[in-house]
Amino acid sequence: MAKQKFGLGRGLDALISGASEVMAAQQSSRVDEENILHIPIDAIIPNPRQPRRILTEDDPKLLELSTSIKQYGLLQPLVVTRLNTDSALTASSQKATAKDSWFGEEEQKDDALPESETVIQFQIIAGERRWRASRMAGLTKVPVVLKEATPQEMLELALIENIQRADLNPIEEALAYQALLHEFGLTQEMVARAVGKDRSTITNALRLLTLAPKVREALINQPENFSEGHARALAGINREEDQVAAMGKIITLKLNVRQAEELAARIKAAERADAAAQEISASPPKRSPELEDLESQFRNALMVKVDLKRSAKGKGTLVLHFNNQDELERLYTRLVKHAE
């Protein structure tokens, strides 16, 4: 099967001026040397909107990249933006307050920012993985391509680089799309155009965020047994416990995507049947024409609202409603005095 090609960059220029040139710079190691700067690695900080969220420094691919950089140097420049004067702080002051999104809030690493007093002047747009591997390899300077970018453009470019490299898991990709939609007000059509995908692809990715937490974890941690196709099949199941049970069955029985879709269809049909049964049980039982007629006669004779209920055995209740003192006295006269 031919490898899927992503049409990224062409549509992106409609949103980000000059984006295709930046993407070309990060994809090719043969960049015009006049456009490349070599700056201290400690003068760079990560992109806080990096779409990739799950990676540790013992990741085999990161260690492999670090070894390659140590031997051959960094062949591919980073894409960075210059921080404004107010944002250019020393590394030690940044470290006191910054949160490293690479490792997540619960796994802060002491080496998230450099220890030196080098003034931080640049922020990564694309290439954070190469930046970290370069630090692990002991590089003191790295080649960069400078690009002025807004926060939205930084997120879009970082997202596109990761998609091109197939580096994001489906949940990370969906969260990045969600950020573009909610934080920057883009439409799904605009996001689809920016990353060179169909709008349906964006919609399906966002549906993954509706899955139960345990199902999302399985998609991230067990992709060989529980793929994105499996997860999409379960997205239409309403109850979280049903999603988790279906996920367990898919993994245990090693179901393919088609079988997962059939399983999900059966579960959704059962959920609909349960909902219909609950609706029927919650609705009042159908009354017989005789009971309706008898209630009507009471209502016409007494001239008040009447509720008449009767079981199959003949037991029941007759409730008479009155709205004021006059109606009560009329009922008393007809039912009590009339009987004397």
Side-chain angles (χ1 to χ4, degrees), residues 1-6 50-64 101-107 129 159 162-179 181 188 191-192 195-282:
M1 181 181 293
K3 187 176 181 181
Q4 182 180 3
K5 295 182 179 180
F6 297 105
Q50 163 64 255
R52 189 212 306 262
R53 301 188 176 202
I54 300 176
L55 189 67
T56 59
E57 289 202 339
D58 59 356
D59 180 273
K61 291 185 178 180
L62 190 63
L63 293 171
E64 181 181 339
S101 62
W102 183 279
F103 296 101
E105 295 181 11
E106 296 182 358
E107 290 191 56
R129 183 170 170 270
L159 170 63
N162 281 291
I163 290 175
Q164 284 184 325
R165 296 172 181 275
D167 280 347
L168 297 179
N169 67 53
I171 298 300
E172 289 173 331
E173 187 173 333
L175 288 169
Y177 294 149
Q178 185 183 64
L181 293 171
Q188 289 191 21
V191 173
V195 298
K197 298 193 176 210
D198 293 334
R199 180 177 176 177
S200 61
T201 302
I202 307 301
T203 302
N204 287 332
L206 292 170
R207 291 182 66 210
L208 297 177
L209 301 181
T210 67
L211 292 167
K214 289 185 178 180
V215 179
R216 295 199 299 267
E217 290 174 9
L219 178 57
I220 294 170
N221 299 323
Q222 302 184 57
E224 66 282 356
N225 299 317
F226 189 73
S227 68
E228 184 176 354
H230 291 121
R232 281 202 305 268
L234 304 188
I237 298 175
N238 293 323
R239 292 193 289 257
E240 287 194 359
E241 58 269 27
D242 289 341
Q243 290 183 8
V244 174
M247 174 204 70
K249 186 172 290 189
I250 289 170
I251 294 174
T252 301
L253 300 179
K254 298 182 179 180
L255 302 183
N256 58 36
V257 173
R258 178 63 178 171
Q259 292 170 324
E261 291 172 345
E262 293 172 352
L263 173 63
R266 292 195 297 271
I267 294 174
K268 286 184 279 188
E271 286 185 340
R272 288 193 297 269
D274 289 346
Q278 291 176 5
E279 184 177 346
I280 292 173
S281 63

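The CD1 atom of I251 lies 4.0 Å from the CD atom of Q222; values are rounded to the nearest 0.5 Å. Note that CD1 of I171 is 8.0 Å distant from CD of E228, once rounded to the nearest 0.5 Å. The distance from atom CG of L255 to atom NE2 of H230, rounded to the nearest 0.5 Å, is 6.5 Å. To the nearest 0.5 Å, atoms CG (L211) and CZ (R232) are separated by 11.0 Å. Remark: Q178 CD to E173 CD distance equals 13.0 Å, nearest 0.5 Å. Atom CD of E261 and atom CD1 of I250 lie 9.5 Å apart (nearest 0.5 Å).
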(message) Run T203 and L206 through side-chain contact (heavy atoms from CB on, under 4.5 Å) and show every step you take.
(response) CA-CA 5 Å; T203 302; L206 292 170; 5.8 Å; no
(request) Start with the C-alpha distance between L219 and N169, add both sets of side-chain angles, then the distance that settles side-chain contact (heavy atoms from CB on, under 4.5 Å), and finish with yes or no. (result) CA-CA 8 Å; L219 178 57; N169 67 53; over 6 Å; no
(message) Between N221 and F226, is the side-chain contact (heavy atoms from CB on, under 4.5 Å) condition met? List the steps.
(response) CA-CA 9 Å; N221 299 323; F226 189 73; over 6 Å; no
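The shortest distance between side-chain heavy atoms of L208 and R216 does not fall below 4.5 Å.
Between the side chain of S227 and the backbone N or O of P223, no donor-acceptor pair lies under 3.5 Å. Side-chain N or O atoms of E271 include one that pairs as donor or acceptor with a backbone N or O of R239 at under 3.5 Å. Listed for the T201 side chain is no donor-acceptor partner under 3.5 Å among the backbone atoms of K197. T210 places a side-chain N or O within 3.5 Å of a backbone atom of R207 that can act as its donor or acceptor partner. Of the possible polar contacts, one joining the Q243 side chain to the A212 backbone as a donor-acceptor pair under 3.5 Å is found.
Residue E64 places its CD atom among 12 or fewer non-hydrogen atoms of other residues, nucleotides or ligands, all under 6.0 Å distant.
Shown here for G236 and K268, the closest heavy-atom pair between the two residues is O-CD, 3.4 Å. Nearest heavy-atom pair, A233 versus A264, reported as atom, atom and distance to 0.1 Å: O-CB, 3.2 Å.
With sequence neighbours left out, N256 forms a side chain to side chain contact (heavy atoms under 4.5 Å, CB included) with R258, Q259.
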